[in-house]
A.B. asks: 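Here you go, one structure.
Indexing begins at 1, ligand by ligand and atom by atom, following the structure's order.
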Amino acid sequence: MSAVMDERYSRKVALRHERLYGHGYQGPGSEAVFDRLAARLDLRQGLSVLDVGSGLGGDCLRLAEKFGVAVVGLDAAPDMTGICLERYRNSPIKGVTFTTGDVRTTALLEPASFDVVWTRDCGAFWSEQEKADIWGRLHQALRPDGQVLITDYCKGPAESTEFDNIMDAWGQHMMLPSRYIEILTAAGFTDIVLSDRTEDLLNSMLEGRELLLTQKELFMQDLSSAEYDNLLDRWNKKIGFARDGLLVWTVLAARRP
Ligand SMILES: C[S@@+](CC[C@H](N)C(=O)[O-])C[C@H]1O[C@@H](n2cnc3c(N)ncnc32)[C@H](O)[C@@H]1O
């Protein structure tokens, strides 16, 4: 992983962000958002799901609990899978395993080994070429009639040097949503449906900012003033970029024929 990702997905920083997004999440974590995403797929007992970039495992647990699917949560950050293994070792929810590994190199992607690839807010860390390679591999790893659900950060049509510079600093490779369709099509996927759900991102970010402001004293118990200010600044920047149409939260569903 890059130095930016090592820092962002260290235990300390990930747990800090989780307090703003919701338990088990590093992105919009409400049950209502999850339910709307899951409704885009045909999920049923017995299917096997690979969650790429599973983070703190919120979706893995919900997928297994609500649909009876078997889930493998794959994440490149050892702190993220480490937290999941500690938290869920004795969970009553069965059928979830967590593995540390990079989707670019993992041996998990045997041909035709999963029914569903689920991945949330992970792809912006990959360059366009990496996205193309990864979606080629993931296509092979799906069984025929396999399903895909993606949420990801994309860039809007507007241009802003400030936005480009900050995304670079955050290690994000932004592309237009339409480019995603081209990459998935080239990898062999069909039935691609793309939606702009920036509204869900904004609602989640606004709730997080409200918590930061109203519970400042609580946050300050384990943050320095500079860390608190940085976190608030990051939230304000993301909210501003989403409102200005620079940052788009994209949802894609697709199928392997
Ligand atoms: C924004 S977090 C999202 C986590 C989770 N999907 C969620 O929605 O809460 C992105 C996650 O993707 C993981 N990730 C990024 N690149 C990866 C890669 N190449 N292979 C596996 N995991 C990766 C990061 O370590 C991080 O946990």
A.B. asks: Between D115 and S48, is there a donor-acceptor pair closer than 3.5 Å when you use the side chain of the first and the backbone of the second?
C.D. replies: yes
A.B. asks: Using non-hydrogen atoms of the residue, decide whether G101 is closer than 4.0 angstrom to ligand 1.
C.D. replies: yes
A.B. asks: Any idea which protein heavy atom is nearest atom 22 (N) of ligand 1, and the distance to it?
C.D. replies: A76 N, 3.1 Å
A.B. asks: Nearest protein heavy atom to atom 20 (N) of ligand 1, by residue and atom, and its distance?
C.D. replies: V103 N, 3.0 Å
A.B. asks: In terms of residue, atom name and distance, what is the protein heavy atom nearest to atom 9 (O) of ligand 1?
C.D. replies: Q26 N, 2.7 Å
A.B. asks: Return yes or no for this condition: an N or O of G53 is under 3.5 Å from an N or O of ligand 1.
C.D. replies: yes
A.B. asks: Cation-pi check, R143 to F114: give yes when NZ or CZ is under 6.0 Å from the six-membered ring centre and within 45° of the ring axis, no otherwise.
C.D. replies: no
A.B. asks: Any idea which protein heavy atom is nearest atom 10 (C) of ligand 1, and the distance to it?
C.D. replies: D121 O, 3.4 Å
A.B. asks: Is the ring pair Y9/F125 parallel, tilted or perpendicular, if the boundaries are 30 and 60 degrees?
C.D. replies: perpendicular
A.B. asks: Scan side-chain atoms only and decide if T198 and R243 contain a donor-acceptor pair under the 3.5 Å cut-off.
C.D. replies: no
A.B. asks: Would you mind running through ligand 1 and noting each atom that sits below 4.0 Å from a heavy atom of Y25?
C.D. replies: 9 (O)
A.B. asks: Quick test: of every protein heavy atom, which one is nearest to atom 15 (C) of ligand 1, and how far off is it to 0.1 Å?
C.D. replies: M5 CE, 3.2 Å
A.B. asks: Looking just at side-chain N and O atoms, do Q215 and R19 make a donor-acceptor pair shorter than 3.5 Å?
C.D. replies: no
A.B. asks: Begin with the C-alpha distance, continue with both residues' side-chain angles, and end with the deciding distance and a verdict on side chain to side chain contact (heavy atoms under 4.5 Å, CB included) for T100 and L74.
C.D. replies: CA-CA 6 Å; T100 305; L74 172 73; over 6 Å; no
A.B. asks: Please could you name the atoms of ligand 1 that M80 approaches to less than 4.0 Å, counting only its heavy atoms?
C.D. replies: 27 (O)
A.B. asks: Kindly identify the option in D75, D59, L56 whose heavy atom sits closest to atom 25 (O) of ligand 1.
C.D. replies: D75
A.B. asks: Among protein heavy atoms, which sits nearest to atom 23 (C) of ligand 1, and what does the distance come to when rounded to 0.1 Å?
C.D. replies: C122 SG, 3.6 Å
A.B. asks: Could you list which atoms of ligand 1 come closer than 4.0 Å to a heavy atom of A77?
C.D. replies: 25 (O)
A.B. asks: Would you call Y21 a ligand 1 contact, heavy-atom distance under 4.0 Å?
C.D. replies: no
A.B. asks: Check each atom of ligand 1 against the heavy atoms of G55 and keep those under 4.0 Å away; list them by number with element.
C.D. replies: 4 (C), 27 (O)
A.B. asks: With no hydrogens and no angle check, just 3.5 Å: does a side-chain donor-acceptor pair link D79 and S10?
C.D. replies: no
A.B. asks: Regarding E31 and K66, does a basic nitrogen lie under 4.0 Å from an acidic carboxylate oxygen?
C.D. replies: yes
A.B. asks: On the 0 to 90° scale, with breaks at 30° and 60°, tag the F67-F34 ring pair as parallel, tilted or perpendicular.
C.D. replies: tilted
A.B. asks: When only distance counts, is D102 in polar contact with ligand 1, meaning an N/O pair under 3.5 Å?
C.D. replies: yes
A.B. asks: Atom 17 (C) of ligand 1: which of W126, Y153, Y9 has the nearest heavy atom?
C.D. replies: W126
A.B. asks: Regarding D133 and Q129, do their side chains bring together a donor and an acceptor under 3.5 Å, going by distance alone?
C.D. replies: yes
A.B. asks: Classify the ring geometry of W235 against Y21: parallel below 30°, tilted from 30° to 60°, perpendicular beyond 60°.
C.D. replies: tilted
A.B. asks: Could you find the nearest protein heavy atom to atom 3 (C) of ligand 1 and give me its residue, atom name and distance?
C.D. replies: R120 O, 3.4 Å
